[in-house]
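First comes the structure, then the notes that go with it.
Atoms within a ligand are numbered from 1 in the order they appear, just like the ligands themselves. Note that the structure is predicted; figures quoted are calculated from it, not measured.
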Amino acid sequence: MSTEKKNSKSRVYVINGPNLNMLGKREPEVYGFLGLDEINRQLAYVAEDLDLELTFFQSNHEGVILDKIHEIFEENPAGVIINPGALTHTSVALRDGLLLLSCPIVEVHLSNIHKREPFRHKSMIADIVTGQLTGFGHYGYHMALNAIHQLLKAV
Ligand code: DQA
């Protein structure tokens, strides 16, 4: 019975790319002092309020992230939040993989990539995702989840 209820919740995948497992230790003046586990823990509270189910995934490997996106494709999720880290600026493969998905996709960056080095201004996925949130620290993930929630309500 309770499994049935759980399965009826809309599932949102939260994908983080290379080096984001080092948040908290990595350039905290740029990315903040919270580790990824803490960011995810806080996001799980937001999800509870919005009645959404989250699945978290992080990898430092492009191919592993692509494999996960292929798995997600088979599951037909309600939404995807992705911070691809440096792959944002380089990965045509990531862009092609995300094009498989028909659900809302929100691109999140803790730092404002447009205020940083010129090579970070270009996102390989910005024009194929639903929207981009950049520069709001870990609140960007909260905003992304709220946006997906609103989009699901509007359907
Ligand atoms: C980042 C920005 C990227 O340029 C960088 O390579 C990261 C993190 C961000 O969250 O601000 O790893 O995606």
Just the distances, no angles: every ligand 1 N or O to protein N or O pair closer than 3.5 Å, one line each.
| unit_1 | atom_1 | unit_2 | atom_2 | d |
| --- | --- | --- | --- | --- |
| ligand 1 | 4 (O) | His89 | NE2 | 2.7 |
| ligand 1 | 4 (O) | Arg120 | NH1 | 2.9 |
| ligand 1 | 6 (O) | Ala86 | N | 3.2 |
| ligand 1 | 6 (O) | Arg120 | NH1 | 3.1 |
| ligand 1 | 10 (O) | Asn83 | ND2 | 2.9 |
| ligand 1 | 10 (O) | Leu110 | N | 2.8 |
| ligand 1 | 11 (O) | Leu110 | N | 3.3 |
| ligand 1 | 11 (O) | Ser111 | N | 2.9 |
| ligand 1 | 11 (O) | Ser111 | OG | 2.6 |
| ligand 1 | 12 (O) | Arg26 | NH1 | 3.1 |
| ligand 1 | 12 (O) | Arg26 | NH2 | 3.0 |
| ligand 1 | 13 (O) | Asn83 | OD1 | 2.8 |
| ligand 1 | 13 (O) | His109 | ND1 | 2.8 |

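- Hydrophobic clustering (ILVMFWY, side-chain heavy atoms < 4.5 Å, transitive): Ile81 and Phe136 are in one cluster.
- Contacts of Glu29 classified as salt bridge (charged side-chain N to carboxylate O under 4.0 Å, His left out), with partners at least two apart in sequence or in another chain: none.
- If you run side chain to side chain contact (heavy atoms under 4.5 Å, CB included) between Leu23 and each of Leu36, Asn16, Asp37, only Leu36 comes through.
- Judged as a side-chain hydrogen bond (donor to acceptor under 3.5 Å, both in side chains), and not counting sequence neighbours, the contacts of Asn60 are Gln58.
- With 3.5 Å as the limit, one finds no donor-acceptor pair spanning the side chains of Glu117 and His89.
- Taking the ring pair (Phe, Tyr, Trp, His ring centres under 6.0 Å) definition, one finds that His138 meets it with His142, sequence neighbours left out.
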